[in-house]
Number of protein chains: 2
Amino acid sequence: MHILTAEARTHYLEKYPIHDFFSFDIEPYLEVCQFDKGEWIFQEGSFPETLYYMIEGKAKLYMTHKNGKVSLIEYLEAPRFMGEIELLNEARYTKGIQTVTKTICYSITQSCKEKLLADALFLRRLCVFLGEKATKITAKYTQNQAYPFENRLAAFIQLSADQGVYKEKHTEICEYLGVSYRHLLYVLAQFCEEKILEKRKSGYHIIDEKRLAQLSQEIQ
Amino acid sequence: MHILTAEARTHYLEKYPIHDFFSFDIEPYLEVCQFDKGEWIFQEGSFPETLYYMIEGKAKLYMTHKNGKVSLIEYLEAPRFMGEIELLNEARYTKGIQTVTKTICYSITQSCKEKLLADALFLRRLCVFLGEKATKITAKYTQNQAYPFENRLAAFIQLSADQGVYKEKHTEICEYLGVSYRHLLYVLAQFCEEKILEKRKSGYHIIDEKRLAQLSQEIQ
DNA sequence: TAAAAAATATGAGATATCTCACATTATTGT
DNA sequence: ACAATAATGTGAGATATCTCATATTTTTTA
C-alpha cells in the first residue's frame, strides 16, 4: 500500500466527491491510497484501525474456518466502505480482504472517530449501506440453500459473462458458489453437453441464451 | 395485534427503557402493542409503515421463493428492531415475520421519520444493530456451506436443548437448517444409533455430551 | 528461461441429501 | 368428541455433491 501524492489526491477527490458524506470537513483526516493487485487490505484476524472507502477496484472477502477450509464470502466492488464494523465496535477482529485488481481507496484515520460517530449525515449513509449489505447477503445465501447448483451457476454465468463469453477462474468460482472444484467442472461439462455453452480457447461461449435464462430465472 | 392500555404501557416502558435510544422525546410517537402467538407482524410482500422494537417474545423471518419453496431465514428474538430497513429505504417490500410466542413490541410511527433519520444517537445504535446482523448472517451461512449437516445439527442441538433435552419441531428445524425433513430424521436416528442421543417420550435426551460437543466444536 | 507453483482436466468410487409414497400419531377447531 | 389438519416416522430409489488420485497445461518467479 502506498499513499498517493497531492496531484493524484486532488484528481480522485474531484472524480469521486465524498464531502457530502459528512457534515464536517473530512479532508484533514483523509488520505488517498493505492493497493496493488493481490495485496491484502486487511489481514485476517487483525484489528484494523482505519476506515476505508473503496473508489476504484475490486477485492475479495475471505474467511478461514477451523477445519482449514477457506470460504470466499463476497466480492467487494467499488464504491463501498471497508472496516466500518470495526469502527462501530471496539476490538472486533476482521476477516481477510485481498484485492483482485489495483485498488484505490480513501483511508480515514480513526482520530476522527468521535466526530464520525456523532455525525447523523454519515451515520445515515452507513445505515443504508449496512442495511443493503445485510439484505444482499441474506438473499444470496437463502438462494444457495433453496436451489440446486445448476440454477445458481446459470445465474452466475449470466451475471459475469462478458459479450456472451464466460471465462472466470474455476478455482475462485467454486469457492464463491460453495461447491467443490470437481462439481463445478461437472456441471459446466453438462451445460456443454446440453448445448447451452460451448467451450473454446477464449472461454465458455453462451450458445443457448434462452435456456440459460430459463435456468437462472427459476431463482430471480 | 392490539395496543396495550396506559397501565401496561407504563409497566413496559419502565421495565425496558428506551428513552436513551433517542435524543428527543419518543413517547408521543410510541405505542406498546402485543401480537398473539402465530400472528403475522409483517405480511410478506407488504410495505410496512411502522418501526418495531421487540421487547418480549420470539418470531420467525420467512421468505417464499419463486418455486414455492419457503425458507425460514432467521429466528428473531427480543430485544431487536424490525422494519428498520424499510424506514431507511423508500418503498422496500418486506419479508414475512410471524410470531412464535406472544410478543410485545414498541411500535414507532413513521410520523417522526425525519427526526429519527437526523438523530445521531439513534442512527448509531441502528448502525451497530445492522452491523451485528450482517456479521451474524454471514457467519451462519458461511458455516452452512463449509460444514456437513451432522456438525451443524450438533451445534444446533447444543444451542437449543433445554436441560439436556432437545425437543424442537422437526418441520421447523429442517427449514431453518436448510435440509429436507427426511434427512433431518436420518441424522437424528444416526445420532441415536451412535448413542449420542436417546429418543424418549419427552424428547431427544443428550447422553454423550462430550461427543456432541466434539462434533459441534469443529464449527466454532 | 528453467523450475516451481497454480490452474485445468478427468475418472472412479463414496456419501450426503433429496423426492416421493405411505402409515401413524398428535393437535386443533367446532 | 369428531373431523380436519399438522406433525412424526420409515422405506426405497434417485441424484447431487464430495474426496482422492493423477495427468496436463498455464502462469509466475527466481
Side-chain angles (χ1 to χ4, degrees), chain A residues 36-39 60 62 65 67-72 98 100-101 143-154 156 165-194 197-204 215 218-219, chain B residues 36-39 60 62 65 67-72 98 100-101 143-154 156 165-194 197-204 215 218-219:
Chain A
D36 293 327
K37 174 177 172 173
E39 206 174 335
K60 291 180 290 184
Y62 280 109
H65 296 267
N67 64 2
K69 221 174 198 173
V70 174
S71 292
L72 170 55
Q98 183 185 32
V100 176
T101 62
Q143 279 177 17
N144 262 20
Q145 60 181 211
Y147 293 90
F149 179 63
E150 190 186 29
N151 298 304
R152 290 185 282 136
L153 180 60
F156 183 74
V165 181
Y166 169 83
K167 46 180 165 186
E168 300 296 315
K169 253 188 211 153
H170 301 332
T171 43
E172 220 161 83
I173 301 316
C174 66
E175 276 178 39
Y176 182 57
L177 297 176
V179 298
S180 68
Y181 180 88
R182 189 66 190 85
H183 192 57
L184 171 59
L185 273 273
Y186 265 134
V187 179
L188 280 173
Q190 178 191 316
F191 281 4
C192 290
E193 183 126 341
E194 290 169 19
L197 300 179
E198 194 175 283
K199 187 175 166 184
R200 297 189 208 149
K201 268 271 164 64
S202 47
Y204 289 81
L215 279 172
E218 281 166 41
I219 293 187
Chain B
D36 293 327
K37 174 177 171 173
E39 205 175 336
K60 291 179 291 186
Y62 280 110
H65 297 266
N67 64 3
K69 220 174 199 173
V70 175
S71 291
L72 170 56
Q98 184 185 32
V100 177
T101 63
Q143 277 177 17
N144 261 20
Q145 60 182 213
Y147 292 90
F149 178 63
E150 191 187 28
N151 297 303
R152 289 186 281 135
L153 180 60
F156 183 74
V165 181
Y166 170 82
K167 47 180 165 187
E168 301 296 316
K169 253 188 210 151
H170 301 331
T171 42
E172 221 161 81
I173 302 315
C174 66
E175 276 178 40
Y176 181 57
L177 296 175
V179 299
S180 70
Y181 180 87
R182 188 66 190 86
H183 193 57
L184 172 59
L185 273 272
Y186 265 135
V187 179
L188 280 173
Q190 177 193 315
F191 280 4
C192 291
E193 182 126 341
E194 291 170 18
L197 300 179
E198 194 175 284
K199 187 175 167 184
R200 297 191 208 146
K201 269 272 164 65
S202 47
Y204 289 81
L215 280 171
E218 281 165 41
I219 293 187

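The basis for the numbers below is simple: all heavy atoms, side chains too, and nothing from hydrogens, waters or symmetry mates. Naming: A, B, ... by sequence-line order, numbering from 1 per chain.
Counting to the nearest Å, the P atom of dT17(D) and the CD atom of E175(A) are 18 Å from each other. Between the CG atom of L177(A) and the C1' atom of dC18(D) there is a distance of 16 Å, given to the nearest Å. As a whole-Å value, the separation of K167(B) NZ from dG9(D) P is 14 Å. Between the NZ atom of K201(B) and the C1' atom of dT25(C) there is a distance of 10 Å, rounded to whole Å. Per the geometry, NZ belonging to K169(B) stands 11 Å off C1' belonging to dT28(C), to the nearest Å. Atom CD in E193(A) sits about 16 Å away from atom C1' in dA9(C), given to the nearest Å. Atom pair L184(A):CG and dT19(D):P shows a separation of 14 Å (rounding to whole Å applied). Atom OH of Y147(A) and atom P of dC18(C) are 15 Å apart (whole Å).
Checked against dT17(C), dA9(C), dG9(D), the side chain of F149(B) finds its nearest nucleotide in dT17(C). Of the listed nucleotides (dA26(C), dG11(D), dA9(C)), dA9(C) has the atom at the smallest distance from the side chain of L185(A). Here the side chain of H183(A) is nearest to one of dA7(D), dA16(D), dC18(C), namely dA16(D). In this structure, of dA9(C), dA7(C), dG9(D), it is dA9(C) that holds the atom nearest to the side chain of Y181(A).
When all heavy atoms are compared, the tightest approach of V187(B) to L153(B) is CG1-CD2, 3.8 Å. Across L72(A) and E172(A), no two heavy atoms sit closer than the pair CD2-O, 3.7 Å. Residue G203(B) comes nearest to K167(B) through the heavy atom pair CA-CB, 4.3 Å, listed as atom of the first residue, atom of the second, then distance. Nearest heavy atoms, S202(A) versus V165(A): O-CG1, 3.6 Å. Minimum interatomic distance between H170(B) and L184(B) (heavy atoms only, all atoms of both residues): O-CD2, 3.6 Å.
Comparing E168(B) and E150(A), the nucleotide of DNA chain D nearest to each residue sits closer to the 5' end for E168(B). Taking the nucleotide of DNA chain D with the nearest heavy atom to each of Y186(B) and H170(B), the more 5' of the two is matched to H170(B). Judged by closest nucleotide on DNA chain C, Q190(B) is the one of R182(B) and Q190(B) placed further toward the 5' end.
Within the 6.0 Å centre-distance limit, the rings of Y176(A) and F156(A) are counted as a close aromatic pair.
OP1 and OP2 of dT8(D) both lie 4.0 Å or more from every side-chain N or O belonging to K199(B). OP1 and OP2 of dT19(C) both lie 4.0 Å or more from every side-chain N or O belonging to S180(B). Note on T171(A): a side-chain N or O is less than 4.0 Å away from OP1 or OP2 of dT8(C).
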Please test Q190(A) against Y186(A) for side-chain contact (heavy atoms from CB on, under 4.5 Å), starting from the C-alpha separation and ending with a verdict.
CA-CA 6 Å; Q190(A) 178 191 316; Y186(A) 265 134; over 6 Å; no
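End-to-end axis angle for the helix from dT1(C)-dA30(D) to dT30(C)-dA1(D), using five pairs per end and rounding to 10°, comes out at 70°.
Distance check: R152(B) CZ to L177(B) CG gives 6.5 Å after rounding to the nearest 0.5 Å.
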